[in-house]
2 protein chains.
Amino acid sequence: MSPGGSSALPRSVDVAKLAGVSQKTVSRVFNDEPYVSADVRRRVLEAADQLGYRLNNAARALASGRTRSIGVVALGTALYGPASLLIGIERAARDTGYALRVVSTVEGDPTGVAGAISSLLDQGVDGIVISEPIDDGPVPVKIDVPVLVLGAPPSFSGPRVINTSVHAYDMARIATEHLLDLGHATVHHVAGPQRWFASKDRLDGWRAALQARNAAEPPVFEGDWSPDSGHAAGRQLARTPGVTAIFAANDDMAIGVIRALTESGLRVPEDVSVVGFDDVPVAAYVTPPLTTVRQPFDAVAREGLALLVHAIEKPAEVVPAAVGQPVDLVVRASTAPPPA
Amino acid sequence: MSPGGSSALPRSVDVAKLAGVSQKTVSRVFNDEPYVSADVRRRVLEAADQLGYRLNNAARALASGRTRSIGVVALGTALYGPASLLIGIERAARDTGYALRVVSTVEGDPTGVAGAISSLLDQGVDGIVISEPIDDGPVPVKIDVPVLVLGAPPSFSGPRVINTSVHAYDMARIATEHLLDLGHATVHHVAGPQRWFASKDRLDGWRAALQARNAAEPPVFEGDWSPDSGHAAGRQLARTPGVTAIFAANDDMAIGVIRALTESGLRVPEDVSVVGFDDVPVAAYVTPPLTTVRQPFDAVAREGLALLVHAIEKPAEVVPAAVGQPVDLVVRASTAPPPA
DNA sequence: GTGAAAGCGCTAACAC
DNA sequence: GTGTTAGCGCTTTCAC
């Protein structure tokens with residue numbers, strides 16, 4: 001073996017030499033630029049293949065000033081909603097040709113979202129997605145790339161911020177109306193943590209539905225998305241007279257609520273109806289099968305990413321508004337008319 | 001506004017100028033190199049802060065040949081196990097100071113894992129993590145960085161491949177033995193897709209437990225991790241005489257199985273015991289609360305990442321073997337002795 | 001259609 | 001302790 005022999009990775013000059021063209025031509029081929037003859041293109045590709053050449057992304061980023069990657073601020077949780085959304089973002093990003101850098105906000109980290117954004121900016125990204133945002137106070141970071149906020153009301157604003165909503169508000173409203181339509185006098189709500197915009201949205205939707213029907217607004221229970229917190233709320237609700245309908249802000253809490261009701265001797269849906277939110281895979285297989293709301297994570301991610309890429313690639317143009325995505329109420333067996 | 005005025009991002013020379021030092025000194029400060037006087041360090045930091053300076057990661061990567069990022073090949077699914085593992089990886093990576101690039105293998109993509117790895121290599125990573133690997137055939141990519149395979153037997157091998165196991169084999173064995181210990185003559189198994197190494201491991205553990213006790217090995221049902229597939233298996237099992245104990249390869253399928261049994265008029269656990277795998281959050285709140293196996297995702301990710309970083313930073317040294325992480329059998333109410 | 005030269009913003013190796 | 005000099009491997013600009 002010659003010293004340093006075959007270990008060094010080939011560079012575009014090596015490909016150029018082998019193909020008998022200039023280095024610039026290799027660059028043209030790898031960037032799909034026009035004005036390269038079919039013959040030259042083929043020769044370059046062949047040489048590259050033979051050498052095992054890969055474009056050096058760092059050099060490309062340095063020279064062009066663009067990283068071709070998007071940063072995601074995710075939540076460090078395996079909750080069905082956030083996890084599904086992250087997958088949708090990954091898929092959508094790949095389709096647009098952007099790579100993904102992911103940072104999670106840590107529970108209890110004082111720097112929160114701002115720290116995550118700062119870290120992404122350090123890494124170098126052309127745009128940022130804030131997925132399932134939580135209200136973390138102001139974000140004191142100078143952000144010089146477009147930001148997409150997925151699923152939040154426009155409270156998170158700025159010069160280059162794009163907001164899309166997952167229509168959680170409408171969905172919560174529809175879920176609540178479903179219960180009202182069945183004849184329930186009012187609907188109790190087990191909310192998520194109020195720092196999450198998703199929780200606020202659902203709370204507001206629930207409230208709006210009650211107000212539109214002049215239904216009394218009972219006190220809200222605030223859970224933490226866990227079945228455990230749903231269970232705790234359910235135990236209290238079971239002791240509260242007149243509770244016939246409950247809307248939980250996610251399926252896990254709904255399942256906890258149902259268990260607590262059942263343990264207290266109440267039947268679901270004969271005595272109390274329960275609606276969840278998310279349509280987790282097991283929702284159809286718990287007892288009773290859960291009426292819930294299905295969110296179009298993939299479509300939301302795809303629409304949002306398209307807008308973000310637009311903002312990245314055409315900074316001068318105005319970003320079109322998000323259309324929003326339709327949602328489904330999935331009626332199963334956990335809801336029924338109130339007891340006579 | 002002066003044209004092009006304040007929009008350009010500051011570079012390290014700008015900081016150097018402002019602080020009255022050389023550009024190299026700025027570099028030293030930002031890389032925590034020794035031999036910088038406290039006074040100079042402070043001045044540089046102040047100047048940087050004033051200008052809003054950030055190190056340009058692309059330039060750094062180009063000059064140093066290291067990207068300080070790790071690529072993850074994830075599965076494009078919100079399944080609890082894979083999602084939890086991904087979060088664990090993100091957390092562990094952040095603690096080691098590496099950034100994360102994520103690519104998912106797409107269902108039905110012919111390039112599969114190889115394509116994902118290739119994409120990461122294009123993006124530029126110092127190491128690769130293959131999380132929850134599936135058997136995707138050979139990987140015909142020349143990989144010049146260390147690779148960590150999380151949770152697979154060493155079938156995925158190569159010069160710089162590190163294997164760690166989540167001890168799924170042992171866990172499956174313990175789960176099966178739990179049922180045998182309760183007095184069941186044998187245990188039926190609802191497996192995951194056999195392309196997943198995780199499924200194979202669990203299947204092998206189950207089989208080993210049966211063989212060690214000379215229990216008959218009933219035919220295996222292969223599901224796809226979904227409650228739906230568990231439900232289908234459960235319907236068949238309900239019709240099969242002599243079924244008193246079932247081990248499902250994940251909780252979702254276990255929940256589907258339980259529902260099918262219940263629909264067929266069988267009681268869990270009085271007539272049939274069911275064990276799941278994962279300990280999803282709702283496991284304690286379904287009916288009956290599910291006996292299952294809890295996996296130490298965070299510890300597994302942390303151990304694996306530590307080994308990977310070791311391999312990245314000390315290429316010459318031998319990577320120590322993975323110790324493996326302890327696991328828990330969580331006994332709840334879905335298991336009991338067989339009917340008399 | 002293709003090529004030559006310049007430079008992106010850093011780190012590496014060495015000098016002082 | 002600090003500064004100087006060369007690149008890292010591309011893209012950009014402009015010439016032909």
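When reading the values below, keep in mind they use all heavy atoms of this one structure, side chains included, and skip hydrogens, waters and symmetry mates. Below, chains carry the letters A, B, ... as their sequence lines are ordered, and counting in each starts from 1.
Contact check of residues 23-39 of chain A against DNA chain D (heavy atom, cut-off under 4.0 Å) returns A/Q23, A/K24, A/S27, A/N31.
If you run side chain to side chain contact (heavy atoms under 4.5 Å, CB included) between A/V73 and each of A/V102, A/I117, A/V103, A/L150, only A/I117 comes through.
B/P320 is listed as a side-chain neighbour of B/H310, based on a closest heavy-atom distance under 4.5 Å. With a 4.5 Å cut-off on side-chain heavy atoms, A/R60 and A/N31 count as touching. In this structure, the side chains of B/V26 and B/K17 stay at 4.5 Å or more apart for every pair of heavy atoms. Looking at heavy atoms from C-beta onward, A/F197 lies out of side-chain contact with A/V149 at the 4.5 angstrom threshold. At a threshold of 4.5 Å between non-hydrogen side-chain atoms, the residues B/R101 and B/L120 count as touching.
Between B/V40 and A/R60, it is B/V40 whose nearest contact on DNA chain D lies nearer the 5' terminus.
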Quiz item: Where do B/D126 and B/T67 land on the side chain to side chain contact (heavy atoms under 4.5 Å, CB included) test, with the steps shown first?
Solution: CA-CA 6 Å; B/D126 294 342; B/T67 64; 3.0 Å; yes
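Atoms NZ (A/K17) and P (C/dA4) sit 13 Å apart, rounded to a whole Å. What separates OH of B/Y53 from P of C/dG9 is a distance of 10 Å, to the nearest Å. With rounding to whole Å, A/N56 atom CG is found 13 Å from C/dC8 atom C1'.
Looking at every heavy atom in both residues, A/R28 comes nearest to A/P34 through CD-O, 4.3 Å. Closest of all the heavy-atom pairs between A/G88 and A/D298 is CA-OD1, 3.7 Å.
Each end of the helix from C/dG1-D/dC16 to C/dC16-D/dG1 gets its own axis, taken as the rotation carrying the C1' atoms of four end pairs onto the next four within a five-pair window, and the two axes meet at 20° to the nearest 10 degrees.
In this structure a side-chain-to-backbone donor-acceptor pair under 3.5 Å is present from A/R54 to B/S118.
Within 4.0 Å (heavy atoms only), B/V21 reaches sugar-phosphate atoms of the nucleic acid but no base atom.
Using a 4.0 Å cut-off between charged side-chain N and carboxylate O, A/D95 and A/R91 make no salt bridge.
Between B/S64 and C/dT11 there is no side-chain N or O to OP1 or OP2 distance below 4.0 Å.
With a heavy-atom cut-off of 4.0 Å to chain B, the contacted part of DNA chain D has its first and last nucleotide at D/dG1 to D/dG9.
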